[in-house]
Amino acid sequence: MEETTELLEIRRQKLIFWQEKGIYPFGQRYETTHTSQQVIEGFKEGSEEKVRSAGRLMSRREHGKSIFAHIKDVQGKIQIYARADILGDDDFSLFKEFDTGDFIGIQGKVFKTHKGEITILVEKFTFLSKSLRPLPKEWYGLKDTELRYRQRYVDLLVNEEVKNLFITRGKIIKLLKEFLDKQDFLEVETPMMQSIPGGAIAKPFITHHNALGIDLYLRIAPELYLKRLVVGGLERVYELNRNFRNEGISTRHNPEFTMLEVYQAYADYTDMMRLTEELLMFVVQNLFGSLKITCEDKEIDFTPPWQRITVYEAISKYTGVEVTRLEDIRKIIDDKEKSLTEILNHILDNEVEPNLIQPTFLMDYPTVLSPLARQKQNNPELVERFEFFISGQELGNAYSELNDPIEQKKRFYEQNPDKIDEDYIEALEYGLPPCGGLGIGIDRLVMALTNTTSIREVVLFPQLRPK
RNA sequence: GGGCUGUUAGCUCAAUUGGCAGAGCAGGGGACUCUUAAUCCCAAGGUUAUAGGUUCGAUUCCUAUACAGCCCA
């Protein structure tokens with residue numbers, strides 16, 4: 001697989017050049033005093049402060065006996081200025097051999113150029129690491145989506161907005177945890193390898209444990225384990241981590257995706273609505289300094305209370321057909337081939353959800369769709385459940401948890417008599433307090449908050465077919 | 001799974017009706033001590049995704065494959 005092009009060959013030769021000069025071009029630790037932004041923020045006119053900084057050489061402008069260049073660190077870029085009369089002819093000619101992409105450490109005093117850019121005058125430099133491959137020109141960036149996903153490191157390097165998006169993703173996750181931690185929720189970790197994949201309806205990935213001699217499934221949801229913890233007296237828990245579903249890949253689905261699940265004892269789905277509002281309000285306010293953001297040319301206002309509408313009300317509103325019972329949806333689509341749940345999902349996906357632009361709770365789902373949710377006391381056909389939507393996208397799902405082990409077993413049986421998680425039923429038999437549960441799809445939340453339309457843009461290394 | 005679109009130099013993009021495959025930047029050589037998409041001069045860089053087919057001649061038309069993107073189920 002040895003790939004040789006002229007460009008790679010030239011860089012290999014540079015490697016040899018440095019070694020012949022007695023410089024090993026894969027250096028060691030380098031102590032810095034300033035990041036790029038600290039240099040800029042700390043600048044005082046006339047102070048001539050000496051700094052040590054390090055970064056990747058991103059551009060170069062050579063003028064005979066002087067060179068302007070930019071080095072880049074995680075915070076940004078800082079201009080550096082090398083002159084033959086400062087470095088001496090030998091070191092200056094060495095400096096000329098740096099390629100864009102190389103990591104260098106520099107030491108020198110800070111000044112402002114005639115054009116007003118804060119710049120480090122290079123008095124000493126250290127080779128930190130050689131780049132053996134050419135970088136795409138930053139000006140044009142890297143646009144080829146396939147290359148961007150396969151070589152995300154290059155994407156991050158040359159596309160500033162991509163780097164910023166993933167920094168934002170990190171902030172969102174930090175803020176979510178910060179809010180929940182303040183509310184006394186305990187972050188926990190439950191098995192990703194499960195012998196019965198529960199908590200959702202989806203095809204799991206199968207793996208094998210050699211020592212135990214059994215097949216295991218990568219989890220499709222952590223739900224049943226988190227509720228076991230509430231049985232065990234951990235009254236407020238959350239887990240924010242990966243789920244795996246062996247299904248199609250699309251702009252909204254990656255086989256592994258990140259989910260936040262929260263459980264709160266003695267609460268119900270109305271508490272989960274308030275929790276959702278407060279949680280997202282906290283995140284959005286801290287991230288943007290406002291509760292209003294622009295997403296796909298539309299202003300989204302996170303100010304609570306959000307719209308609350310039942311599933312049947314929403315269907316009636318958006319199709320114009322009065323629906324009060326599940327069977328009524330056959331008045332909208334009369335397809336004998338399709339089950340009621342198929343028709344319902346079709347109507348919700350196509351007629352209802354695209355209209356839910358402002359944050360909206362769509363509530364009170366039919367019981368047949370929700371085997372883990374508690375029925376409404378005045379109507380056992382419906383459960384206390386909501387999904388919430390922003391920009392027409394489903395971002396989360398919540399319910400008053402079903403804590404009746406007998407009813408739960410019955411519902412599992414109706415769903416699939418061959419795969420009943422008896423241990424979970426047994427846990428419920430010990431007693432699950434009334435409990436509200438909430439799940440939020442983190443990738444989709446990040447998409448909504450960063451105005452992105454493909455999940456691959458918010459996952460660092462999206463799944464692709466190997467080349 | 002189905003449909004549509006794309007794949008040309010390291011990167012970003014051209015190429016007329018089927019008629020010598022081009023540019024900018026990067027990279028190489030040279031000039032230049034305040035540039036910042038530096039500038040100026042010179043030279044180079046290609047199995048047009050892959051495999052076939054039609055044709056005197058294919059980046060261009062056809063078939064298949066691979067990968068990707070968008071839409072649909």
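A note on names: the letters A, B, ... follow the listed sequences, proteins ahead of strands, and every chain is numbered from 1.
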May I ask you to establish whether A/Arg385 and A/Tyr365 are in a cation-pi arrangement, using a distance under 6.0 Å from NZ or CZ to the six-membered ring centre and at most 45° from the ring axis?
yes

For A/Tyr30, does the six-membered ring have the charged nitrogen or CZ of A/Arg52 within the cation-pi criterion, i.e. under 6.0 angstrom from the centroid and within 45° of the normal?
yes

Would you indicate what [X] reaches in the nucleic acid, counting non-hydrogen atoms under 4.0 angstrom: base, sugar-phosphate, or nothing?
| X | result |
| --- | --- |
| A/Thr251 | sugar-phosphate |
| A/Lys65 | base |
| A/Tyr81 | base |
| A/Asp85 | base |
| A/Ile67 | nothing |
| A/Leu7 | base |
| A/Gly141 | sugar-phosphate |
| A/Arg456 | sugar-phosphate |

If only side-chain N and O atoms count, and only distance matters, is there a donor-acceptor pair under 3.5 Å linking A/Ser66 with A/Arg83?
no

For chain A and RNA chain B, what are the first and last nucleotides along the strand, 5' to 3', with at least one atom under 4.0 angstrom from a heavy atom of the protein chain?
B/rG10 to B/rC71

In terms of relative ring orientation, are A/Trp306 and A/Phe361 parallel, tilted or perpendicular, with 30° and 60° separating the classes?
parallel

Would you call the rings of A/Phe386 and A/Phe388 parallel, tilted or perpendicular if under 30° counts as parallel and over 60° as perpendicular?
tilted

Which ones in residues 332-355 of chain A lie close to RNA chain B, meaning a heavy atom under 4.0 Å from one of its atoms?
none

Could you check which residues of residues 107-125 of chain A get a heavy atom under 4.0 Å from RNA chain B? Sort them by number, please.
A/Phe111, A/Thr113, A/His114, A/Lys115, A/Glu117

Applying a 3.5 Å limit to both distances, which nucleotide forms a Watson-Crick or G-U wobble pair with [N]?
| N | result |
| --- | --- |
| B/rC4 | B/rG69 |
| B/rA64 | B/rU50 |
| B/rU12 | B/rA23 |
| B/rC34 | none |

Flag if over 12 foreign heavy atoms under 6.0 Å of NZ, A/Lys109
no

Is the backbone N or O of A/Pro371 less than 3.5 Å from a side-chain atom of A/Gln408, with the two atoms forming a donor-acceptor pair by type?
yes

Please check this pair: side chain of A/Asp421 against backbone of A/Tyr424, looking for a donor-acceptor N/O pair closer than 3.5 Å.
yes

Derivation and outcome, ring-ring contact (aromatic ring centres under 6.0 Å, His included), residues A/Tyr399 and A/Tyr269:
CA-CA 5 Å; A/Tyr399 24 89; A/Tyr269 78 142; 9.4 Å; no

Do A/Phe127 and A/Phe103 pass the ring-ring contact (aromatic ring centres under 6.0 Å, His included) test, and can you show the C-alpha distance, the side-chain angles, and the key distance before you say yes or no?
CA-CA 7 Å; A/Phe127 208 138; A/Phe103 281 93; 9.8 Å; no

Before accepting this row, confirm whether a basic side-chain N of the pair A/Arg411/A/Glu414 lies closer than 4.0 Å to the acidic partner's carboxylate O.
no

